[in-house]
Visitor: 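Here it is: the structure, laid out below.
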Amino acid sequence: QLQLVESGGGSVQPGGSLTLSCAASGFSLDYYGVGWFRQAPGKEREGIACIASRVGTTHYVDSVKGRFTISRDNAKNTVYLQMNSLKPEDTAVYYCAAAFGSRCSDPQSPDSWGQGTQVTVSS
């Protein structure tokens, strides 16, 4: 019943931009912390961005600070990841995940995961 549906992945050239969407059904994202994760082939999954439940404070891993922006539109029950100045090392499968009440400050097992969407950055 708690589902996340992702969209927006694709192929872009270095320096390009892409926006990923994570739409929720069956629950209100406003009460969940939502994180974006990515995993490249042969590499460990890493969390790259998070937006806290209700308060909406945002957090980013250093490698994407200043380039990526996570946001939430409560009216659309959707979280976005705006990605600018994309680099080849950003190539990965991107996932969104939601954890009830999360403030992003501590590890927490998500209650729901999206299906993942491929982002490829190449020239």
Side-chain angles (χ1 to χ4, degrees):
Q1 194 68 36
L2 307 180
Q3 293 184 314
L4 299 174
V5 179
E6 301 176 9
S7 61
S11 297
V12 297
Q13 295 184 349
S17 297
L18 202 61
T19 300
L20 305 182
S21 299
C22 178
S25 61
F27 63 103
S28 175
L29 279 181
D30 191 35
Y31 293 91
Y32 290 74
V34 178
W36 284 95
F37 300 78
R38 67 185 182 187
Q39 187 168 23
K43 293 185 176 293
E44 183 179 344
R45 182 185 65 197
E46 66 169 339
I48 57 171
C50 186
I51 185 165
S53 65
R54 302 307 305 278
V55 173
T57 52
T58 58
H59 307 261
Y60 303 92
V61 70
D62 286 344
S63 61
V64 308
K65 284 182 180 178
R67 299 189 299 122
F68 291 9
T69 302
I70 187 171
S71 62
R72 177 171 58 219
D73 186 335
N74 288 330
K76 296 182 178 180
N77 209 25
T78 299
V79 167
Y80 303 93
L81 184 68
Q82 174 66 50
M83 304 184 293
N84 298 321
S85 302
L86 284 162
K87 306 173 180 179
E89 53 262 44
D90 294 318
T91 296
V93 178
Y94 284 70
Y95 303 87
C96 65
F100 183 76
S102 176
R103 304 291 286 272
C104 301
S105 58
D106 295 302
Q108 183 176 339
S109 297
D111 300 295
S112 182
W113 286 90
Q115 78 283 359
T117 184
Q118 177 71 48
V119 172
T120 302
V121 185
S122 63
S123 58

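Starting from 1, each residue takes its place in the sequence as its number.
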Visitor: Considering only Ile, Leu, Val, Met, Phe, Trp and Tyr, and joining two whenever side-chain heavy atoms are under 4.5 Å apart, list the other residues clustered with F37.
Guide: V93, Y95, W113

Visitor: Do L4 and V79 have side chains that get closer than 4.5 Å, going by heavy atoms?
Guide: no

Visitor: Could you check if a side-chain atom of P14 sits within less than 4.5 angstrom of a side-chain atom of P88, using non-hydrogen atoms only?
Guide: yes

Visitor: Is it the case that the side chain of Q3 and the backbone of G26 share a donor-acceptor pair, with hydrogens and angles ignored and the cut-off at 3.5 Å?
Guide: no

Visitor: For the backbone of Q82 and the side chain of T19, can you confirm whether one donor and one acceptor N or O come within less than 3.5 Å of each other?
Guide: no

Visitor: Give every residue pair that meets the salt bridge (charged side-chain N to carboxylate O under 4.0 Å, His left out) criterion with at least one member in residues 8-28, sequence neighbours excluded.
Guide: none

Visitor: Give a yes or no on whether V5 and Y32 share a hydrophobic cluster (residues Ile, Leu, Val, Met, Phe, Trp, Tyr; joining criterion: side-chain heavy atoms under 4.5 Å apart).
Guide: no

Visitor: If I compare all heavy atoms of K76 with all of T78, which pair ends up nearest, and what's the gap?
Guide: O-OG1, 2.8 Å

Visitor: Could you note down all residue pairs passing salt bridge (charged side-chain N to carboxylate O under 4.0 Å, His left out) where residues 9-34 supplies at least one of them, sequence neighbours left out?
Guide: D30-R54, D30-R72

Visitor: Salt bridge check, D62 against K65: does any charged N sit closer than 4.0 Å to a carboxylate O?
Guide: yes

Visitor: Do any N or O atoms from the side chain of T91 and from the backbone of V121 form a donor-acceptor pair under 3.5 angstrom?
Guide: yes

Visitor: As a quick check of understanding, evaluate side-chain contact (heavy atoms from CB on, under 4.5 Å) for S28 and N77, giving each step before the final call.
Guide: CA-CA 6 Å; S28 175; N77 209 25; 4.3 Å; yes

Visitor: Are any non-hydrogen side-chain atoms of D90 and F68 less than 4.5 angstrom apart?
Guide: yes

Visitor: Given side chains that start at C-beta, do those of I70 and Y60 come closer than 4.5 Å, heavy atoms only?
Guide: yes

Visitor: Identify the two heavy atoms, one from A40 and one from A92, that lie closest to each other, and give their separation to 0.1 Å.
Guide: N-CB, 3.9 Å

Visitor: Partners of Y94 by ring-ring contact (aromatic ring centres under 6.0 Å, His included), sequence neighbours excluded?
Guide: none

Visitor: Which residue pairs satisfy the side-chain hydrogen bond (donor to acceptor under 3.5 Å, both in side chains) criterion with at least one member in residues 41-52, sequence neighbours excluded?
Guide: R38-E46

Visitor: Just grab all the disulfide bond (SG atoms under 2.5 Å apart) pairs involving residues 12-46, residues at least two apart or on different chains.
Guide: C22-C96

Visitor: Testing the basics here: between R67 and S85, what is the closest heavy-atom pair and its distance to 0.1 Å?
Guide: NH1-O, 3.0 Å

Visitor: Are L2 and W36 grouped together when hydrophobic residues (ILVMFWY) are joined by side-chain heavy atoms under 4.5 angstrom apart?
Guide: yes

Visitor: Please check if atom CZ in R103 has more than 12 non-hydrogen atoms from other residues, nucleotides or ligands closer than 6.0 Å.
Guide: no

Visitor: With rounding to the nearest 0.5 Å, note down the distance linking CG in N84 to OG1 in T69.
Guide: 6.5 Å

Visitor: Apply the side chain to side chain contact (heavy atoms under 4.5 Å, CB included) test between L81 and each candidate in V34, V119, L18, L20; give the one that qualifies.
Guide: L20

Visitor: Given the rule in the side chain to side chain donor-acceptor pair (under 3.5 Å) test, do Q13 and S123 qualify, once you have shown the distances and angles that lead to the verdict?
Guide: CA-CA 5 Å; Q13 295 184 349; S123 58; over 6 Å; no

